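We name chains A, B, ... by the order of the sequence lines, and we start the count at 1 in each one. What you see is a predicted model; the values in this text were computed from it and never measured. Values below: every heavy atom of this structure, side chains too, minus hydrogens, waters and symmetry copies.
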Protein chains: 2
Amino acid sequence: MIIETTGKTGINPGHSPKPLYEQVKIYVKSRIKNGDWPCHSQIPSEHTLVREMGISRMTIHRALRELTQEGVLDRIQGVGTFVAKPPQGRITVEMKDIDQAIRDEGRLHQAQVHFHQAEPLSAEDALPLGLHEGDEVFRSYIVHRENGHPLMLEDRFVNPALLPDYLKQDFSRLTTSRYIQDSLSMLSHEQTIRAVLSTPETSHFLELASTVPCFQVNRKTWSGNKIVSMVRMVYSGDRYQLT
Amino acid sequence: MIIETTGKTGINPGHSPKPLYEQVKIYVKSRIKNGDWPCHSQIPSEHTLVREMGISRMTIHRALRELTQEGVLDRIQGVGTFVAKPPQGRITVEMKDIDQAIRDEGRLHQAQVHFHQAEPLSAEDALPLGLHEGDEVFRSYIVHRENGHPLMLEDRFVNPALLPDYLKQDFSRLTTSRYIQDSLSMLSHEQTIRAVLSTPETSHFLELASTVPCFQVNRKTWSGNKIVSMVRMVYSGDRYQLT
DNA sequence: TAGTGGTCTAGACCACCCG
DNA sequence: GGGTGGTCTAGACCACTAG
């Protein structure tokens with residue numbers, strides 16, 4: 001382990017190639033990577049590293065804390081620091097907002113609002129929304145287009161108690177999800193994504209000539225313990241893909 | 001802002017309800033949440049917070065650094081600290097390894113290896129793998145079952161240079177992706193997920209009676225700048241969903 | 001030049017675990 | 001009781017930005 005310094009007064013002047021704590025992190029990761037410190041083994045204590053590397057404890061501690069945060073190490077107070085098991089088989093897929101996804105590809109996003117109204121809640125929708133049958137909800141039904149071609153159908157229910165001004169918005173200019181995110185904070189989501197076949201309804205609004213495979217996203221949005229919105233989004237499968 | 005202490009000798013003995021830096025984080029987030037510090041506005045400098053809150057700079061700094069890491073703040077050296085724009089419309093989907101996903105549901109995972117061999121690379125597969133036509137590659141073709149029912153078809157190519165022992169593994173007991181993750185470190189992935197219709201091939205191996213919508217995942221795995229593996233996974237759409 | 005954030009130290013007190 | 005990690009401080013030097 002070579003510690004890079006600039007040979008000035010202090011032990012590590014700030015314009016060293018990398019900060020000291022970064023060098024410690026790299027050092028620890030290299031020891032793990034080349035097998036010196038195998039999975040689940042205990043690594044030297046902070047005190048030991050302080051002695052061996054000639055670096056102050058706060059700096060060592062920061063390096064180890066950040067590596068713990070990154071999932072490289074596990075630390076147990078009063079016991080020691082251990083090499084964590086690398087996270088197995090977790091690959092994350094990121095779903096951007098539809099308008100952003102389209103614009104990021106350099107294409108034109110348009111939203112066509114088919115309706116946007118208050119309506120009484122049907123029995124089948126009441127339960128998942130956590131409201132009662134007949135309660136008034138806001139609903140919007142929007143087709144999103146990419147360079148003029150229909151890409152996604154959005155059928156959204158909104159809780160009027162939490163977003164009383166929902167009906168006043170112009171969702172041909174502003175995305176529903178953006179409006180919700182800007183209006184409330186600390187939102188959480190719960191969703192499922194299925195591969196489905198287009199139905200007569202989706203084929204009509206997405207202008208599909210035949211039956212094609214689609215992504216159907218069902219998403220609930222919560223603010224604290226209250227449901228803000230429930231949305232069904234159907235993506236034309238031959239024109240959309242997740243990465 | 002009330003700083004909780006225990007009234008002992010030091011300013012903040014360790015068993016205070018929350019560490020000081022956590023209290024600072026909560027304080028900052030509350031000022032943002034209730035609108036005192038709007039989006040993009042500059043918040044007080046570290047020095048100011050040190051004076052106003054009577055807390056040392058290292059502690060203030062840690063709180064602000066962690067909030068920056070979490071995307072709540074933006075910091076610019078020499079300029080100041082600003083409230084970050086909340087991340088818009090990014091929802092992440094987590095894909096677990098197939099065996100883990102099945103076992104997490106309390107069901108039985110089985111893998112049926114149809115073949116597992118070395119073969120010359122075809123022209124169409126050579127380009128995406130970054131190798132040349134006719135180069136030898138390892139290939140495995142596996143059906144994964146959930147409680148006996150076929151759930152996913154995995155067709156994988158592997159670079160023999162990086163995983164020479166790939167053919168010696170028993171993939172009815174160990175998942176291919178787990179073997180790869182355990183054998184190499186610092187892997188990165190690149191993938192696309194499409195909604196597709198089952199083909200005669202997938203219908204046969206997934207024992208589908210009719211044409212159904214499926215998820216098709218195409219994933220490349222890199223170790224550094226070398227391709228380790230390329231896999232196509234087809235999930236029976238009526239039996240699988242992403243969350 | 002003044003003010004900002006970025007890093008580092010030496011020392012301190014603490015809670016926790018285990019023999 | 002001895003070792004571990006968790007937190008906090010006071011002060012210092014640095015790099016960067018702007019007026």
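Nearest-nucleotide positions on DNA chain C place Thr48(B) closer to the 5' end than the other of Thr48(B) and Met58(B).
In this structure, Glu66(B) atom CD and dG6(D) atom P are separated by 12 Å, rounded to whole Å. Atom CD1 of Ile60(A) is separated from atom C1' of dT9(C) by 12 Å (rounded to the nearest Å). Atom CG of Leu64(B) is separated from atom P of dG6(C) by 9 Å (rounded to the nearest Å). Look at CZ on Arg65(A): it is 13 Å from P on dC8(C), rounded to the nearest Å. Rounded to whole angstrom, the span from the CD atom of Gln23(B) across to the P atom of dT7(D) amounts to 12 Å. We find that CZ of Arg51(A) is positioned 10 Å from P of dG3(D), with the value rounded to whole Å. When rounded to the nearest whole Å, the span between CD of Gln77(B) and C1' of dC13(D) equals 12 Å. When rounded to the nearest whole Å, the span between NE2 of His61(B) and C1' of dT7(D) equals 15 Å.
Side-chain N/O atoms of Ser56(A) include none lying less than 4.0 angstrom from OP1 or OP2 on dG11(C). Distances shown here put every side-chain N or O of Arg57(A) at or beyond 4.0 Å from the OP1 or OP2 atom of dG11(C). Distances shorter than 4.0 Å separate some side-chain N or O of Arg62(A) from OP1 or OP2 on dT7(C). Taking 4.0 angstrom as the limit, Thr59(A) places none of its side-chain polar atoms (N or O) nearer than this to OP1 or OP2 of dT7(C). Within the 4.0 Å cut-off from OP1 or OP2 of dT7(D), at least one side-chain nitrogen or oxygen of Tyr21(B) is found.
Among the heavy atoms of the strands lying under 4.0 Å from Ile76(B) are primed sugar atoms or P, OP1, OP2 only; no base atom is included.
Atoms OG1 and CZ, from Thr81(A) and Arg75(A) in turn, are 3.5 Å apart once rounded to the nearest 0.5 Å.
The aromatic rings of Tyr166(A) and His116(A) stand perpendicular to each other, their planes meeting at an angle above 60°, with 30° marking the opposite boundary.
In summary, Asp99(A) and Arg178(A) engage in a salt bridge, as defined by a charged side-chain N under 4.0 Å from a carboxylate O. Comment: Lys25(A) engages Glu66(A) in a salt bridge, judged by a side-chain N to carboxylate O separation of less than 4.0 angstrom.
With a 3.5 Å ceiling on both atom-pair distances, dG19(D) lacks any Watson-Crick or G-U wobble partner.
At a non-hydrogen distance threshold of 4.0 Å, nothing from residues 37-47 of chain B comes into contact with DNA chain D.
The local environment of CD in Glu70(A) is crowded, with over 12 non-hydrogen atoms from other residues, nucleotides or ligands closer than 6.0 Å. Enclosure of atom CD in Glu94(B) by more than 12 non-hydrogen atoms of other residues, nucleotides or ligands within 6.0 angstrom is indicated.
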*For Val228(A) and Asn159(A), run side chain to side chain contact (heavy atoms under 4.5 Å, CB included): C-alpha distance rounded to whole Å, both residues' side-chain angles, the deciding distance at 0.1 Å, then the answer.*
CA-CA 5 Å; Val228(A) 178; Asn159(A) 187 337; 5.6 Å; no

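For Pro19(B), counting side-chain heavy atoms from C-beta on, the closest listed nucleotide (dC8(D), dC17(C), dT9(C)) is dC8(D).
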